[in-house]
Amino acid sequence: MKIFNTQTRRKEEFVPVEPGKVGMYACGPTVYNFFHIGNGRVFVLFDTLRRYFEHRGYDVTFVQNFTDIDDKMIRRAAEEGITVKELADRFIAAYYEDAGSLGIRPATVHPRATEHMPEMIAIIEKLMDKGLAYEAHGDVYFDTQAYKSHYGKLSGQNLEDLESGARVDVDEMKRHPMDFALWKAQKPGEPAWESPWGMGRPGWHIECSAMSMKYLGETIDIHGGGEDLVFPHHENELAQSEGATGKPFVRYWMHNGFLNINNEKMSKSLGNFQTVHDIVQQVDPEAVRFFLLSAQYRSPLNFSREQIDQAKAALERLYTARDNYLFLREGAEDRPLTEAEQALVGAASASIAQFDAAMDDDFNTADAIAAMFELVKQANIAAKPGCAKEALAAVLHAFGEMADVLGIVKPQEENLDEKYAAQLAARAQARKDKNWAESDRIRDALKALGVTVEDTAQGQKVRKI
RNA sequence: GGCGCCAUAGCCAAGUGGUAAGGCGAAGGUCUGCAAAACCUUUAUUCACCAGUUCGAAUCUGGUUGGCGCCUCCA
């Protein structure tokens, strides 16, 4: 299995810290609002990685945090006239709902920053002890000059270059423009926690270091998020974590490409923010997930209604295929395989191998999806009414494995045959009598109820539109 | 100024040295009472452009053009 590592900028063979186990950490949302479709891409990506590792037999511990204290949280809570905690609780609940609609499973742990103050303070103290941090008027800063030889290794920049392009306001408290806050002294009216440096709150980056080390150990396998997090967020996490422990922090850094809206960057000023909460009201959430997986994760992706419609149409082919195989299974025969059926069983396992090979190559979901379509192609040709049970079972198994990893084509709960039994019986009789007018009338009536009925060699087949 | 990315058909998108996957869309056909689904056929002599390396390049090198990201909160 190969993973593109942002730090080395090349694909590397994946070797976990502990054989058979994977520890991964994704930077989660700041819970001051519904998360947007760009966040959704990150969450779907990491959910899919996790599913794939599990499919390959790894024991996965997946941590995704909630940032529940920062400037945006404080501002928004003030606007709403509620506490920061109330704001956080509201949007954490919304996260689970919206993520669920995209088929994103809850992580192993979803830690909250505000519940990990002691862990953060411990790291800052360690950095102070090592001379990599300094206190100034109740603030604590990471001393990038003291860590000069290591700083910048993730983003591939050195301190001088960063400094020359820095648009950072020079803070009087800082010794160097690139130094960043580990702890911020309390300002009037802000939530604050006790610390050796007085009341205050953590800086932007320290929470991810503290929570990832708490749940995954000092060296984790995979850490990632959107590509904009490379600098400064992950660079700073790396500096403070390795500065504190003296051990490698992350083995593989993964960053996904940006998602644009109608070819424009999503931003407040353009007013084109699209939350998943809103999108899933309008379009099939599974089509959104499929769309997010339709390109390699490091490529930029353009969100538009047209793209979602295309994704929906593609997904429709997979749904129809799966439904057809389930329908055929009802009339399948328990008998030895014909030569063609043996070939189909072979094609089914070949498709899983193709799928795994694609995913092994830096999680190439576009190629993995192609493997599903190739199975469908073979199965549509070879699987016929009265075919052998074993052949259909192999197809359905392969299809299910792949769909599970991608988190698409979930099973239908409703039994449509039972639900519309009366109409179907009447229509069967009409067809027997060659009463086409009546037969078509019933078909149209069912269509109005949201289901189509198809006539096959095996009888009538109903499916949702 | 520094670091980095991208350009493949009408649309989306794989492919990083051996002669262009897959999906959507479109056109024609088979099957069907009619449909639907499915299947068959067609839809890039060519991968932004120009040089170069090579027996061979979408793939490597240099350049040009166009687009984008980070260096400030941002997934």
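To find a chain, count down the sequence lines: A is the first, B the second, and so on, and within it residues start at 1.
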* Asked: With Arg305(A), which residues qualify under side chain to side chain donor-acceptor pair (under 3.5 Å), at least two apart?
  -> Asp309(A)

* Determine which pairs satisfy side-chain hydrogen bond (donor to acceptor under 3.5 Å, both in side chains) with at least one residue from residues 311-321 of chain A, sequence neighbours left out, and list them in order. => Asp284(A)-Lys312(A), Glu286(A)-Tyr319(A)

* Using heavy atoms and a sub-4.0 Å distance, could you list which residues of residues 441-452 of chain A are near RNA chain B? By number, please. => Arg443(A)

* Structure fact -> With sequence neighbours left out, the residues meeting side chain to side chain donor-acceptor pair (under 3.5 Å) with Asp440(A) are Arg443(A)

* What residues, two or more places apart in sequence or in another chain, satisfy side chain to side chain donor-acceptor pair (under 3.5 Å) together with Arg112(A)? -> Asp68(A), Asp89(A)

* Indicate, yes or no, whether a donor-acceptor pair under 3.5 Å links the base of C3(B) to the side chain of Asn158(A). => no

* Which residue pairs satisfy the salt bridge (charged side-chain N to carboxylate O under 4.0 Å, His left out) criterion with at least one member in residues 358-373 of chain A, sequence neighbours excluded? -> Lys11(A)-Asp361(A), Arg56(A)-Asp360(A), Arg298(A)-Asp362(A)

Distance-only check: which donor-acceptor pairs under 3.5 Å involve side-chain atoms of residues 104-111 of chain A, not counting sequence neighbours?
from: Arg105(A); atom 1: NH1; to: Glu54(A); atom 2: OE1; distance (Å): 3.0
from: Arg105(A); atom 1: NH2; to: Glu54(A); atom 2: OE1; distance (Å): 3.4
from: Thr108(A); atom 1: OG1; to: Phe62(A); atom 2: N; distance (Å): 2.8
from: Thr108(A); atom 1: OG1; to: Phe62(A); atom 2: O; distance (Å): 3.3
from: His110(A); atom 1: ND1; to: Gln64(A); atom 2: O; distance (Å): 2.9
from: His110(A); atom 1: NE2; to: Ala107(A); atom 2: N; distance (Å): 2.9

* To do: With sequence neighbours excluded, tell me which residues meet side chain to side chain donor-acceptor pair (under 3.5 Å) with Glu207(A).
  => Asn65(A), Thr67(A)

* What pairs with Lys148(A) under salt bridge (Lys or Arg N to Asp or Glu O under 4.0 Å), at least two apart in sequence or on another chain? -> Glu160(A)

* Asked: side-chain hydrogen bond (donor to acceptor under 3.5 Å, both in side chains): which pairs involve residues 250-259 of chain A, sequence neighbours left out?
  -> Thr6(A)-His255(A), Gln7(A)-Trp253(A), His234(A)-His255(A)

* Structure fact -> Residues in residues 425-435 of chain A with a heavy atom under 4.0 Å of RNA chain B, by number, are Arg427(A), Arg431(A)

* How does each nucleotide of nucleotides 22-28 of chain B score, in 5' to 3' order, for protein heavy atoms under 4.0 Å: base (B), sugar-phosphate only (S), or none (-)? -> SBB----

